[in-house]
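Labels below follow one simple rule: chain letters A, B, ... track the order of the sequence lines, proteins then strands, and each chain is numbered from 1.
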There are 2 protein chains.
Amino acid sequence: MDKKYSIKDIAQLSGVSVATVSRVINDNGRFSEETRKKVLKVIKETGYQTNFSAKNLRMNKSFSVGILVPDISNYFFATVVQKIEKILFKCGYSTIICNTARDEDKELAYLKMLESKGIDGLIVISGAKAFDINKVSSSSKIPFICIDRKPKDKKNTIFIASDHYQGALDATDSLFNSGSKHPIIATHKHYSSSGADRLRGFKDSLEKHGLPFDTSRNQITLTTENTTIKMEKVLKSQPEIDGIFAINDTVAIEVLSALLKLGKSVPNDIKLIGFDDEPQDKHTYPTLSSVKQDTDRIAQVAVENLIGLINSTGITSESIIIPVELMPRDSTL
Amino acid sequence: MDKKYSIKDIAQLSGVSVATVSRVINDNGRFSEETRKKVLKVIKETGYQTNFSAKNLRMNKSFSVGILVPDISNYFFATVVQKIEKILFKCGYSTIICNTARDEDKELAYLKMLESKGIDGLIVISGAKAFDINKVSSSSKIPFICIDRKPKDKKNTIFIASDHYQGALDATDSLFNSGSKHPIIATHKHYSSSGADRLRGFKDSLEKHGLPFDTSRNQITLTTENTTIKMEKVLKSQPEIDGIFAINDTVAIEVLSALLKLGKSVPNDIKLIGFDDEPQDKHTYPTLSSVKQDTDRIAQVAVENLIGLINSTGITSESIIIPVELMPRDSTL
DNA sequence: GTTTGTTGAGAAAACGATTACCCAATAAAT
DNA sequence: ATTTATTGGGTAATCGTTTTCTCAACAAAC
């Protein structure tokens, strides 16, 4: 098992031509059973492995797809990426992961690189605000799908996302259901399309319960300012607040720790619910209610559609919305 | 910007030979300044991009490296991978990330795929117990480095890890320093070499403070059993316990929530410290002391060494230990 | 017994780059 | 004025596949 064997070596060793070896390997074309066995035997003995560079060059296909993701240390992104990668591998594709850090220039640089590598497809998770595949010269040809944030050009693309709106609606409803009369929403400063949908869900639940939404009264935004101090101010001026829907679990956990520091009891004084169902939600005190995104399904649907595009079986343009699930825990008892 | 241009097109359009175009692109070989400008102009106009499959085939180099990682949704792994990817990209390499899920068969399958793709190098993060690159036929030639877990064959490999031993020693010392007299260690059921080092650090700190280590008295292991119930039993039989060093932050947070549920005050009744310095440590209540691994340095050293190996400038075999930093917070006040 | 069809397999082109080798043309040295 | 270097750049081989053509051999059909 020393040298690297090429198809030519296999041909020689098994006394057939390279064409035949290729046919046997790919099980395509005509050859006798006898030849098959002969060739396969030599392949096993030598430990021959296809040289993908050559194969890619010839077939103009790379059996690899790129994933653009803003931040892989984010739980939701990491989970989706992980699951996508797993499915793709099963389908014979390898995955090139690119961390864009929400930087448009980086996004562009990665796109160029990926195109150079001849990727067969692309998955863009929560791409830049103005994500536009045409920014890269001829990229227009690379099949791609978007997850979590709509691309600039809504036509001719497949977009997959959780039902953030419904999740937020359910979450806020659950605050009301557990006795909250005056819930607010806690957001962070980064804009995202999912965040916008969640905000919309919160508003609609509010109005459904007869409360008009007013940004200055019903929304707080976490900034670099110390969260505890900010919460203290807010609760002093609006002591009626008795429920908080946090735009995601990171925010929720920050809010929770602030509330506890301020001597508030959760859920007795204030109900709290987050979004994303991160693992630590089960281990906060009290445990944190949340909304779970179906990452399995997102990944599955994403890969299915991408591979569909790659094999150009239907270049449909559509938005696919994946249902979410409410995960009630102690913070909304 | 429609069709895909090859070097041949560029040659034609700029009135030179393909060889010259290649020379200009790679700035290697001889050509006049005039020619350079001409060619570069055409390249810019056409939006030409190298076909890496061809280049790889010819040069027998793929400008890509593989990363084997057990679980990318784990914070430490995700952070390291992210940083490695960033540095590699700057060095002109793309990264193929492979999630092994701690499954040896998968590890092997990925290894085969990576070899087929002709990766130039490999980074193995916390590989399987018996990680052995020779399991894949001719892989022996792929330069690789290991992070976090030593490979089977310690010779002729570069191994990079945090100073888990020292971190655990410092962490346990800090329990004593904040007044704990009878600390224990909380571990989980998965074995890891880093875990073993951390356990060693705990033991040595104990002995330094005049306490002999006894597994049955000084160590609890979290299993699928409910942590709160387990903790209750332990605290009933050993009420003297007043400090816990958790093998990592996930365990620490689970323990913390159990303690709070049992009505214990942290840090007043029991001091607690974890390991890894995950972001949520700052937002638990009380905030969680921990030990921070220097992921920046790990990534930097890893890439430097790997690229060193790839360019075979020194095939030194060594273990590189990266210092850690104690992050004291409220749970060990 | 000639024609037709089928099966198995080889020869060679092509994919898009890099590079060793070659040869003009000009410059430098004698 | 001839030889010798140097410079710029073209030709063609090569990397390892896949695939189109081609054809021999044998079987079936007439």
Side-chain angles (χ1 to χ4, degrees), chain A residues 3-40 42-43 46-64 92 113 115-120 137-138 141, chain B residues 3-40 42-43 46-64 92 113 115-120 137-138 141:
Chain A
K3 139 195 211 316
K4 269 222 171 168
Y5 292 93
S6 81
I7 212 173
K8 205 185 284 182
D9 301 318
I10 306 303
Q12 232 151 11
L13 288 169
S14 45
V16 299
S17 73
V18 289
T20 302
V21 175
S22 174
R23 289 187 189 108
V24 169
I25 289 175
N26 300 297
D27 195 15
N28 135 13
R30 294 180 302 218
F31 48 86
S32 69
E33 180 58 21
E34 190 191 5
T35 310
R36 220 199 60 154
K37 287 213 177 109
K38 219 168 29 177
V39 172
L40 252 33
V42 175
I43 287 183
T46 53
Y48 164 83
Q49 291 189 222
T50 329
N51 178 323
F52 267 97
S53 295
K55 184 173 189 154
N56 297 349
L57 174 60
R58 180 59 228 255
M59 301 186 54
N60 199 27
K61 193 161 170 14
S62 67
F63 303 99
S64 62
M113 181 271 278
E115 200 192 359
S116 249
K117 295 242 168 182
I119 51 163
D120 299 330
S137 52
S138 61
K141 303 298 198 37
Chain B
K3 136 196 212 316
K4 268 222 168 168
Y5 293 93
S6 80
I7 211 172
K8 206 185 284 181
D9 300 317
I10 306 302
Q12 230 149 14
L13 287 170
S14 45
V16 299
S17 74
V18 289
T20 302
V21 175
S22 174
R23 288 187 190 111
V24 169
I25 289 174
N26 299 297
D27 196 16
N28 141 11
R30 293 178 303 213
F31 48 87
S32 68
E33 180 59 21
E34 193 189 5
T35 309
R36 218 199 62 155
K37 286 210 175 110
K38 220 169 28 179
V39 172
L40 252 32
V42 175
I43 287 183
T46 52
Y48 164 83
Q49 291 187 225
T50 10
N51 177 323
F52 266 97
S53 295
K55 184 171 187 155
N56 296 349
L57 174 59
R58 182 58 229 256
M59 301 188 48
N60 198 26
K61 191 160 171 14
S62 67
F63 302 100
S64 62
M113 181 271 279
E115 198 191 2
S116 251
K117 296 242 166 181
I119 51 162
D120 299 330
S137 52
S138 62
K141 302 298 196 40

Subject >> A:Asn56 vs B:Asn56, side chain to side chain contact (heavy atoms under 4.5 Å, CB included): CA-CA, chis, key distance, verdict >> reply: CA-CA 10 Å; A:Asn56 297 349; B:Asn56 296 349; over 6 Å; no
**OP:** Remember a base hit wins even if backbone is also touched, and classify A:Asn28 as base, sugar-phosphate or nothing at under 4.0 Å, heavy atoms.
**Re:** sugar-phosphate
**OP:** Would you mind reading off the distance between A:Lys61 atom NZ and D:dT19 atom C1', rounded to a whole angstrom?
**Re:** 17 Å
Original post:
Looking at residues at least two apart in the chain, or sitting in another chain, which of them share a side chain to side chain donor-acceptor pair (under 3.5 Å) with A:Ser53?
Top reply: none
Original post:
Which residues satisfy the side chain to side chain donor-acceptor pair (under 3.5 Å) test with A:Lys38, sequence neighbours excluded?
Top reply: none
**OP:** List the protein contact pattern of nucleotides 7-16 of chain D with one symbol per nucleotide (5' to 3'): B for base contact, S for sugar-phosphate-only contact, - for none; contact means a heavy-atom distance under 4.0 Å.
**Re:** BBBBB-BBBB
Subject >> Residues forming a salt bridge (Lys or Arg N to Asp or Glu O under 4.0 Å) with A:Arg36, sequence neighbours excluded >> reply: A:Glu33
**OP:** Whole angstrom is fine here: how far is it from CG in A:Asn56 over to P in C:dC15?
**Re:** 16 Å
Subject >> Set of residues satisfying side chain to side chain donor-acceptor pair (under 3.5 Å) with respect to A:Thr35, sequence neighbours excluded >> reply: A:Ser32
Subject >> By salt bridge (Lys or Arg N to Asp or Glu O under 4.0 Å) - contacts of A:Lys61 (at least two apart) >> reply: A:Asp120
Original post:
So what does B:Asn26 hit on the nucleic acid, given a heavy-atom distance under 4.0 Å: a base, only sugar-phosphate, or nothing?
Top reply: sugar-phosphate
